[in-house]
Amino acid sequence: MSYDAIWADQRINKNEKSKLKEDGLDVFKDLPELIKHPFSEVDKSYYMYFKYAGLTVQKPQEQGNFMFRIKIPGGRINLKQADLIAWIAETYGHGFVDLTTRQAVQYHWIPFVKLPELFDQLNEVGLTTAGAEGDITRNVVDNPLSGIDPNELFDTRETVLQVYERFQGNRDYSNLPRKFKISINSNIYNAGNAEINDLALIPATKAIDGQTVQGFNVKIGGGLGMVPYLGLSTNIFVTPDQVADLAEVVVQLYRDNGPRRSRAKARLKFLIQDWGINKFEAAIREQLPDLETAGHSEVRGWSNGGSALGIHEQAQKGYYYVGVSVPTGRINAEDFKAFIDIARQYGRDEIRFDHEQNLIIPWISAADLETVKANEIFTRFNTKPETLLDLATTCTGAEYCNLANSHTKEIFEPILNALDARFTFEKPVAITLTGCGNNCAHRSIADIGIEGPCPDR
């Protein structure tokens, strides 16, 4: 750690006091000793540290089972990684994988004593849970079609990995006031959900020294939760090679100045509302004085969900991607393995996840497309965004989540099936169902957002 905790003598909440004594990433050091004892002996004050390892103690908490989230930058995995994801679901996750709204995957029912073993297996295939939860930089989201997208300004995959690597395991930034979310995207239809992230890079061009340079304009201070705010535009333009430096400065300013008294008001959006975007930008420019002013935004519209669904030609002539709707984001291991088999036989060692709880198989050749479309799995999974169920998203809900007031995944599919039987759409509306006010299913940006009420309402 190479920074001073300048907030240590301020009025801070109990979590912040604990984090001054032990870094959240120390959970990986603590676990081998913790699992030598019954889970009941773990003090509940320690539960916050599990989050830094991508873990949440699942209800009923006394059983010692965990929600277990894998961090997947940009939502791209190879097939060796996909095989392990399927195996974990079969072995410990009651046969299911849940896809998230940040291009990651998670499970339930993962036993306490198996955690170090699973961490080792993930490490062997280049995956991790570190930072998938907790007061830290979360999974960096990307255009789910980056590198194959006819509607992107340029390929953002390398930039996403540079930002991910700048923060991953970096203890200079593992003690933030709350979580920090980054979106990097050059798709002209906002495929990165820019406005709901703490830091968002959106496609732009800028005339510099007589040349048109491609890069990003910058938005800061977005976030949903109980009090949603859309990100605010700065007067900053960056090229792809400047993004990691910019991200580090923004996170550092948040780390050192973000509010730590109340966790309910600790996100970057509240610091931006307090300081104003101009003051925050001035603080960025103090450290990065050579940043250009904002360029011309190349964003042409807002994606209303389902932008990666369907069978479409890639930017590479003669190849297609298959975007598969996964109802409510929950897929059983056998079905997931069927998609792995398709990718293995007809694709290029790759499966992707979007941020609407769906999956994508790229690099299907034109010669193989009809064979792939005839696969039995597509009698049960849709590749055309034509129903309400196709564009629906849900949070975990009261089935497993300690905060949810209402069930979600178990009830949402039959409800939407009933509506789809009555109505047809040229393009269906996006409906989300979230079990509480925390907005995990992105209720605030849906066409119809449904929130499970508090019990006393």
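Just so you know, these numbers come straight off a predicted model, no measurement behind them. The figures here come from the full heavy-atom set of this structure, side chains too, leaving out hydrogens, waters and symmetry mates.
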Modelled atom types, side-chain donor and acceptor of Thr159 and Gln162, under 3.5 Å: no
Mind checking whether Thr128 and Ile70 have side chains closer than 4.5 Å, heavy atoms only? no
N-O pairing of Asp198 and Lys181 below 4.0 Å: no
Would you kindly say whether Asp349 and Asn78 are connected by a side-chain donor-acceptor distance under 3.5 Å? no
So do Lys219 and Thr234 actually touch side chain to side chain, heavy atoms under 4.5 Å? no
How far does CZ of Phe96 sit from CZ of Phe336, to the nearest 0.5 angstrom? 14.0 Å
Can you check whether His312 and Tyr321 have ring centres sitting under 6.0 Å from each other? yes
Is a donor on one side and an acceptor on the other found under 3.5 Å between the side chain of Ser186 and the backbone of Phe154? yes
Glu399: which of Arg330, Lys59, Lys409 passes salt bridge (Lys or Arg N to Asp or Glu O under 4.0 Å): Arg330
Validate the cation-pi geometry between Arg344 and Phe339: distance from NZ or CZ to the six-membered ring centre under 6.0 Å, angle to the ring axis within 45°. no
Exercise: do Thr205 and Glu298 side chains pair donor with acceptor under 3.5 Å: yes
Using a 4.5 Å cut-off on heavy atoms from C-beta on, say whether the side chain of Phe119 contacts that of Phe68. yes
Hey, does Pro144 have a side-chain heavy atom less than 4.5 Å from the side chain of Ile360? yes
Among Arg352, Arg157, Arg76, exactly one meets side chain to side chain donor-acceptor pair (under 3.5 Å) together with Asp142. Which residue is that? Arg76
Side-chain H-bond candidate by donor/acceptor type, Asp120 with Asn123, under 3.5 Å: no
Rounded to the nearest 0.5 angstrom, the OG1-NE2 distance for Thr91 and His94 is 11.5 Å
Rounded to the nearest 0.5 Å, how far does CG of Asn417 lie from CZ of Arg422? 13.5 Å
Could Lys384 and Asp390 be called an ion pair, given the rule that one side-chain N must be under 4.0 Å from one carboxylate O? no
Tell me the closest heavy-atom pair linking Tyr52 and Gly24, and the distance in Å. CB-O, 3.3 Å
Looking only at side chains, do Glu133 and Thr56 share a donor and an acceptor under 3.5 Å apart? yes
For Asp368 and Ser365, does a side-chain donor sit closer than 3.5 Å to a side-chain acceptor? yes
Assess the pair Phe39 and Phe66: is the distance between their ring centroids shorter than 6.0 Å? yes
Any side-chain to backbone donor/acceptor pair from Thr396 onto Cys401? Under 3.5 Å, distance only. no
Any side-chain donor paired with an acceptor under 3.5 Å for Tyr47 and Gln61? no
Side chains of Asp23 and Ser174: do they bring a donor and an acceptor to under 3.5 Å? yes
Is there side-chain contact between Trp109 and Gln58, with at least one heavy-atom pair below 4.5 Å? yes
Taken to the nearest 0.5 Å, the spacing of Gln106 CD from Met67 CE works out to 4.5 Å
Which pair of non-hydrogen atoms, one from Gln357 and one from Leu99, has the smallest distance, and what is that distance? CG-O, 3.2 Å
Determine yes or no for a side-chain-to-main-chain donor-acceptor pair under 3.5 angstrom, with Asn358 supplying the side chain and Val326 the backbone. yes
Is the shortest heavy-atom distance from the side chain of Pro362 to the side chain of Arg348 under 4.5 Å? no
Does Asp135 pair with Arg255 as a salt bridge, N-O distance under 4.0 Å? no
Will you find, in the side chains of Asp155 and Ser146, an N or O donor that is under 3.5 Å from an N or O acceptor? yes
Is there a side-chain contact between Leu118 and Ile88 in this structure, where contact means two heavy atoms from C-beta onward sitting under 4.5 Å apart? yes
